[in-house]
Amino acid sequence: MKTDDDKKKIAAQMLLKRLSLVAMDAMVLLICGVLAHYLVFGSLAQFNWLFLSAIIAFQIIVFAATRVYRTRIKDSSVDLVVRIVFSSLPVWVVVFLYASFAYGGTSDMARCTVVFAAFGILGTLGARILFRFVNQKSSQRKMNGKPKALVYGAGETGSTIARMAAKNKFDYSIIGFIDDKPELKGELIQGVPVLGDIDDLAVILSKDQIDTLIIAISAISSEKMQRSVELAKHLAINVKVVPNLFESGRKAGDVSIRDIDFADLLGRSLAPIQRDPIAHMLDGKTVLVTGAGGSIGSEICRQIVSFSPSKLLVLDIDESELHDLCLRLLNYKHEWSESVFPILCDIRDRAKVQRIFDQYKPDVVFHAAAIKHVPMSELYPEEAIRTNIGGSFNVLSAARNAGSEKVVVISTDKAVNPTNVMGATKRVVEMMASAMSTDRTQMCAVRFGNVIGSRGSMLPLFLEEIKAGVPITVTDKRIIRYFMAIPEAVGLVFRAATIANGGEVMVLDMGNPVNIYNFAQKLIDIFGDGRSTIIVTGLRPGEKLYEELLANKDTTIPTENAKIFKAKVTSVIDPEGIKQRIDALMAEDCAQMVARLHEIVPEWHVPVSSGTEPLCPQERS
């Protein structure tokens, strides 16, 4: 926080700089006037000092009026030229017209004003260019001793980094760029040369004594990301990245950098999110999020806050996660408030869920609460069925009874041709949402695959194992998965919710598949210290070798958003008597529940490689 004294000092420094520019312009124009008069007349015998002083004063007044002295010389380029030229031309037109009227249009004095005008414009511009050059050289001398960095990406972010480095406001000395656009090679970006593209990276890194490679690209393929990181690591060069715009707290124009992590190696293919439709859905509304303490639920809450709902209700069964989430959403100023309120509740408690909906009347509901862990769901199928099916029915029916406008169910790619209890239960929830959707309360489900960095995710676990120097466990060399950053997934969930009509299942394009074994080997190569190896353990119960391709053109319909599709679903649930059937399912024992789940989701099958059915209490030992 700046004090009044600080503000006064800054104001005094700015005034001194502007007065210095005024003095510089006066001196330059004086020299240019004298030189122009000498060139035209051949001597200074009849030099009119009063006329020259009037021209200089007139020019300085116009410069001040057009805010030329407020233009930052260090930062400006085209803007500076435009301001100088357009602020000078009116002055010299007036001076020329006066000289022509007083001395004649073809007189030496009229010709002298033309020469003076040319010298004056070039002189005032040249003085500023010289000032910038001297300042840059001074900054470069100050940067001696700073680590040298090569920036991958000569776009807006890279240009900002170079500009900040030139002003000595960056911790690295930028010696060059590489960029994927070959036509940029040889160009100067903020005075820093573009040395080539990624094919030239190895040569550039090896010969220029570079300390750090900074990756400043918002959208980069995993192949290029991994290639550049591997080259840098091979040459013992540090790698930093500019956080992407989906990361918490990242704003456009921010040039903060951080260390590379495992998620960056998957590449970046960022989808632009249209905020207006989402704002229309959430602005001024009461929004309820179930499972708010989880990875997806908490990100949903974080992004909802930016759309100014009238009230955000965060519901979870975990009191610690709920409390921490409210603190984060309220910037640690309050534990909860009227605008962000925690609700501690088990969604299996039908009566309490209904009371909550009756009391708060949420307009929009995001249902993220679920048991999602595949092996644990196989070990305790009755718990997954009671929470994912029974609990979800409680939420959906309460929303319909309370007249909510929209309910968005967070689903999973494992609901497609499921091979495990978790996927089968989530498919039932999709069918319930379709069956229970009405014109008043529109319900939809959104499917997507694995998200990077969620609780229980394999990728952070791999990194922990590498740091500990213990073997990485992979279930099969052929296993593939699709990944998406949590903030990007949530942004697309919001957009899908605005596109969906009642009863639809929306799916997200997860991008290219990742071979888990190969990726684990990349992590060892980049982050390992030689101690880690990979052990193949075999598929776990209910685990698929290949996840379903969500955005398959044969099973989906395109929408207005290139990353969002509508699923062509076949199996449905008859909406008549659905409550009685759910109640009957909840009353059965574990074995009966599993058998009934097979009947409801006939496409559910146990993979041959897994070879085991879900366990019930009598089978656990």
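Note that the coordinates shown come from a computational prediction; the quantities given were computed from them, not determined experimentally.
- Looking at heavy atoms from C-beta onward, I516 lies in side-chain contact with F462 at the 4.5 angstrom threshold.
- Side-chain contact between R348 and T387: present, with at least one pair of heavy atoms (C-beta onward) separated by less than 4.5 Å.
- Considering only heavy atoms from C-beta on, I178 stays 4.5 Å or farther from V194 through its side chain.
- Side chains of T419 and H605: a donor-acceptor N/O pair is absent below 3.5 angstrom, by distance only.
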Pair L288, Y360 - check side chain to side chain contact (heavy atoms under 4.5 Å, CB included), show working. CA-CA 9 Å; L288 170 67; Y360 294 105; over 6 Å; no

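- Within 6.0 Å of the CD atom in E576, the count of heavy atoms belonging to other residues, nucleotides or ligands does not exceed 12.
- To the nearest 0.5 Å, atom CD1 of residue I257 and atom CD1 of residue I214 are 4.5 Å apart.
- No more than 12 heavy-atom neighbours from other residues, nucleotides or ligands sit within 6.0 angstrom of CE on M376.
- Using a 4.5 Å heavy-atom cutoff, the side chains of N401 and F357 are not in contact.
- For the pair R275 and F307, the cation sits on the ring face: its NZ or CZ lies under 6.0 Å from the ring centre, inside 45° of the axis.
- Using a 4.5 Å heavy-atom cutoff, the side chains of I215 and V229 are in contact.
- Atom-to-atom distance recorded for F366:CZ and I296:CD1 is 12.5 Å, nearest 0.5 angstrom.
- Atom CG of residue D179 and atom CD1 of residue I189 lie 8.0 Å apart, to the nearest 0.5 angstrom.
- Sorted by first and then second residue, the pairs that involve residues 426-436 and meet salt bridge (charged side-chain N to carboxylate O under 4.0 Å, His left out), not counting sequence neighbours, are R427-E430, R427-E603, E430-R447.
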Determine, step by step, whether K579 and D583 satisfy the salt bridge (charged side-chain N to carboxylate O under 4.0 Å, His left out) criterion, reporting the C-alpha distance in whole Å, the side-chain angles of both residues, the deciding distance to 0.1 Å, and the verdict. CA-CA 6 Å; K579 178 179 180 297; D583 288 342; 3.0 Å; yes

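- In this structure, the separation between CD1 on I371 and OG on S377 is 6.0 Å, given to the nearest 0.5 Å.
- Crowding of E338 atom CD: a count of heavy atoms from other residues, nucleotides or ligands under 6.0 Å not exceeding 12.
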Should H367 and S392 be marked as a side-chain hydrogen bond (donor to acceptor under 3.5 Å, both in side chains) after you check the CA-CA gap, both sets of side-chain angles, and the distance that decides it? CA-CA 8 Å; H367 177 42; S392 294; 2.7 Å; yes

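- For S310 (side chain) and K285 (main-chain N/O), a donor-acceptor pair under 3.5 Å exists by modelled atom type.
- In this structure, CE in M443 is found 8.0 Å from OG in S404, a value given to the nearest 0.5 Å.
- The side-chain heavy atoms of Q226 and F519, taken from C-beta on, include a pair separated by under 4.5 Å.
- Using a 4.5 Å heavy-atom threshold, the side chains of R227 and K224 count as separate.
- Using cut-offs of 30° and 60° on the angle between ring planes, the pair H598 and W604 is parallel.
- If you check the side chains of S397 and R400, you find no donor sitting under 3.5 Å from an acceptor.
- Taking 4.5 Å as the limit, every side-chain heavy atom of F448 sits out of range of all side-chain heavy atoms of V507.
- When the shell of 6.0 Å around NZ of K361 is examined, it contains more than 12 heavy atoms from other residues, nucleotides or ligands.
- Side-chain atoms of T441 and E405 include no donor-acceptor pair closer than 3.5 Å.
- Between atom CE of residue M506 and atom OG1 of residue T559 there is a gap of 5.5 Å, rounded to the nearest 0.5 Å.
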